[in-house]
Structures are given as C-alpha cells and as structure tokens.
Participant: 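The structure follows.
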Amino acid sequence: MTREEKHSVESEMSRLALPAMLQGLLFTVVFVVDTLMVARLGATSIAAVGAAGPVIWSISSLLFAFSRATTALVAKGIGAKNTEEAKMASGQSLAIALILGALSATVFVTCRFFIMAPFGLEKEVLPLAASYLAIVGAALLFSLPGHIFAVSFQAAGDTKTPLIVSAIGNLVNIVGDYVLIFGVWGFPALGVVGAAIATALCRVVEAVLLGILLWQQYYCPEKKHILTYDKSTISSLFKLGVPATAEAASFHGGYLMFSCLVSWLGTVALAAHRICL
C-alpha cells in the first residue's frame, strides 16, 4: 500500500468512526443527565435511578449487540451493490427488533417489581425504581427498531445522520428532564417519573426521526422485506448476532450482579455509587 493509499484509508476510517463514537457517547449522556438532574432530589431518588438504570442499560446493550450482524450484512449488500440483499438484511433485523422490543417492553411493565426485588431496595426506593424501569423499559418498543435504523445508516457509510438525530434526542431529554423533574412552565414536578418520561420521549423521537430519514434512502427496507420470512438472512443474522450477544452478556451479567450487591449496602451507598459511575 502506498503512502497516498494508506492516508486515504485512514481518512475514510476517521470519517466513519468518529461520528459513530460520538453517537455512542451521546447514548450514554442520556443516563448521565438523568443522574445529574435527579441527584438534586436526594439520595432516595438517585438510588432508585441507580438501581433501575443498570438493568435498562444492560438489557439494551444485550439487544443492541445483536445488531452487529445487521451492520455486517447491510454493509456487505451495499458494498456488493446488491441493494435487495441490504434491504432484506435491514428488514429482517427490523422485524426481529419489533418483536424483541414488544416482548421486552411487556416484561418491564408487567414484571417491574419482580425484576427489582433482588436489589433489596428500601420501601421508599422500590416504587420509584419500578416506575423508572417500567417507563424507560416500555420505550424499548421504539429504541430497538430505532437502533436498527441507525446501524443501517452506518452500514451504508452515513454515520453523521444518526449522530445528528442522537443530538436532537439528547436535547429533548435535557429539556424534558428539567421541565418534568422539577415542574416548570406549568408542568407538575414528577421527580424520578419525570426523568423516566423524558428518557422514553428521547428514544421515541430518535426512532421516529431515523425512520423518516431512512424511508428516503435507496436501501430502506420495503414492506415485503419486513413481513417475509427469509430463512437465509435470518440464519446469517443469528450466526453473527448470537456470539456478539453472548459476549455482551458475559460483561453485563457481571455488571448487574455487582450493581445488585451494591444496592444491598443501603440507599446512601447506592446513590453514591450511581453518581460515581
């Protein structure tokens, strides 16, 4: 490889990677802003977010890990100038995301107290944590398909659009947190529930915007790509996605166990742990 070719490759890698890295950072910033805002309410509120937050983060990361297969297959189709293959990979991934999103949302809403039970939370913390878990968990119905939209853009070489949409989502979350947590501009002060609603609204806005923008692209999946079961594509998705999900599970399983142990130390310890994270 000549020096000019190497420089070209490095420039292209930076062009694609930097926006994707910033988008990943912005995804985390949503939880950071929630923590900063809720921390003003006291140890009970921050402990509630500190207990429910890792559960949402870990499950989301597990489900998002599966999308690595989507990135690979969509990029393969576009690189080979096989638009149909790219559409099918994106469409089948979207179908899986819709199913998993609906199942996850249902579980988080209906089993919120059962899920939080192992954390041994004090009686004033448990209802707040369960409410935060249910509201943000319900938004997985939108955030999982939204993530498929985002990785479809990235696989096609457009990493800036998901970054811009993520920035808009963060703005929605920041404004929503301020308004709904503290009760300004005529809105009621909802505390932890307000933080959860703002985060959920952020994910819904991101998914809707990405869906609208993807609909205008030549590699956007059509109805037949979503509703048709394509055995070959599904097989490839699971072949690539399951190991990635298992790898994420090994990390986040330990993280959840550690968070659970910290929660048994008490409300103040859990609140301090959340802030330091």
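Predicted model, so just to flag it, every value in this text is computed and none were measured.
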Participant: I want to check something: taking the side chain as every heavy atom from C-beta on, are Arg274 and Val49 in contact at a cut-off of under 4.5 Å?
Facilitator: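 Answer yes - side chains close enough.
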Participant: Taking it one step at a time, do Tyr255 and Ser58 satisfy side chain to side chain contact (heavy atoms under 4.5 Å, CB included)?
Facilitator: CA-CA 8 Å; Tyr255 173 58; Ser58 297; 3.5 Å; yes
Participant: Within a strict 4.5 Å, meaning less than it, do heavy atoms of the Ile212 and Gln216 side chains meet?
Facilitator: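 When only atoms from C-beta onward are counted, Gln216 and Ile212 do touch, with a gap below 4.5 Å.
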Participant: For Val192 versus Ser45, what's the shortest heavy-atom pair and its separation?
Facilitator: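 That closest heavy-atom pairing would be CG2-CB, 3.6 Å.
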Participant: Between Phe238 and Pro243, what is the shortest heavy-atom contact and its length?
Facilitator: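 Heavy atoms of Phe238 and Pro243 come nearest at O-CD, 3.9 Å.
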Participant: Is it true that the side chains of Glu122 and Thr267 contain a donor and an acceptor less than 3.5 Å apart?
Facilitator: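 Yes, side-chain donor-acceptor contact under 3.5 Å.
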Participant: Dump the intermediate steps for ring pair (Phe, Tyr, Trp, His ring centres under 6.0 Å) on Phe187 and Phe182, then the final yes or no.
Facilitator: CA-CA 9 Å; Phe187 286 86; Phe182 305 114; over 10 Å; no
Participant: Does some side-chain heavy atom of Pro221 sit less than 4.5 Å from a side-chain heavy atom of Leu214?
Facilitator: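 They are in contact (side-chain heavy atoms under 4.5 Å apart), so the answer is yes.
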Participant: State, with a plain yes or no, whether a side-chain heavy atom of Leu240 is found less than 4.5 Å away from one of Leu73.
Facilitator: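 In contact.
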Participant: If every non-hydrogen atom of Thr71 is compared with every non-hydrogen atom of Val151, which pair is closest and at what distance?
Facilitator: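 Reported closest heavy-atom pair: OG1-CB, 3.5 Å.
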Participant: Do Ile181 and Leu190 have side chains that approach each other closer than 4.5 Å (heavy atoms only, starting at C-beta)?
Facilitator: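 They are not in side-chain contact.
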Participant: Would you say the ring centers of His147 and Phe66 fall short of 6.0 Å from each other?
Facilitator: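 No, too far apart.
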Participant: I want to check something: taking the side chain as every heavy atom from C-beta on, are His273 and Phe258 in contact at a cut-off of under 4.5 Å?
Facilitator: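 Answer yes - side chains close enough.
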Participant: Stepwise, does the salt bridge (charged side-chain N to carboxylate O under 4.0 Å, His left out) test hold for Arg203 with Glu206?
Facilitator: CA-CA 5 Å; Arg203 301 308 182 201; Glu206 289 177 345; 3.3 Å; yes
Participant: Using a 4.5 Å cut-off on heavy atoms from C-beta on, say whether the side chain of Leu265 contacts that of Leu270.
Facilitator: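 The answer is no; the side chains never approach within 4.5 Å.
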Participant: Let's go through Phe108 and Ile135 carefully: what are the C-alpha distance in whole Å and the side-chain angles of both, what is the deciding distance for side chain to side chain contact (heavy atoms under 4.5 Å, CB included) to 0.1 Å, and is it a yes or a no?
Facilitator: CA-CA 8 Å; Phe108 277 128; Ile135 295 170; over 6 Å; no
Participant: Restricting to non-hydrogen atoms, name the atom on Thr233 and the atom on Ala89 that form the minimum distance, rounded to 0.1 Å.
Facilitator: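 Smallest heavy-atom distance, with atoms named: CG2-CA, 3.7 Å.
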Participant: Any idea which heavy atoms bring Ser67 and Ile148 closest together, and the distance?
Facilitator: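 Smallest interatomic distance, heavy atoms only, reads CB-CD1, 4.1 Å.
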Participant: Do the side chains of Phe113 and Val107 join up, straight or via other hydrophobic residues, at under 4.5 Å, putting them in one cluster?
Facilitator: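 Linked within one cluster.
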Participant: Begin with the C-alpha distance, continue with both residues' side-chain angles, and end with the deciding distance and a verdict on side chain to side chain contact (heavy atoms under 4.5 Å, CB included) for Asp158 and Thr161.
Facilitator: CA-CA 6 Å; Asp158 180 2; Thr161 296; 2.7 Å; yes
Participant: Step by step, work out the side chain to side chain contact (heavy atoms under 4.5 Å, CB included) result for Ser143 and Leu140.
Facilitator: CA-CA 5 Å; Ser143 59; Leu140 286 173; 3.3 Å; yes
Participant: Any idea which heavy atoms bring Gly146 and Leu210 closest together, and the distance?
Facilitator: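 Shortest heavy-atom separation between Gly146 and Leu210 comes out as O-CD1, 3.4 Å.
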Participant: Just how far is it from atom CZ of Phe149 to atom OG of Ser93, taken to the nearest 0.5 Å?
Facilitator: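 With rounding to 0.5 Å, CZ (Phe149) is 11.5 Å from OG (Ser93).
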Participant: Could you state whether Met88 and Trp215 fall into the same hydrophobic cluster, counting links through intermediate Ile, Leu, Val, Met, Phe, Trp or Tyr residues with side-chain heavy atoms under 4.5 angstrom apart?
Facilitator: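 No; tracing contacts between hydrophobic side chains, which count when under 4.5 Å, never links both residues.
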Participant: Taking C-beta and beyond as the side chain, do Pro162 and Gln154 meet within less than 4.5 Å on heavy atoms?
Facilitator: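 Yes; the side chains approach each other to less than 4.5 Å.
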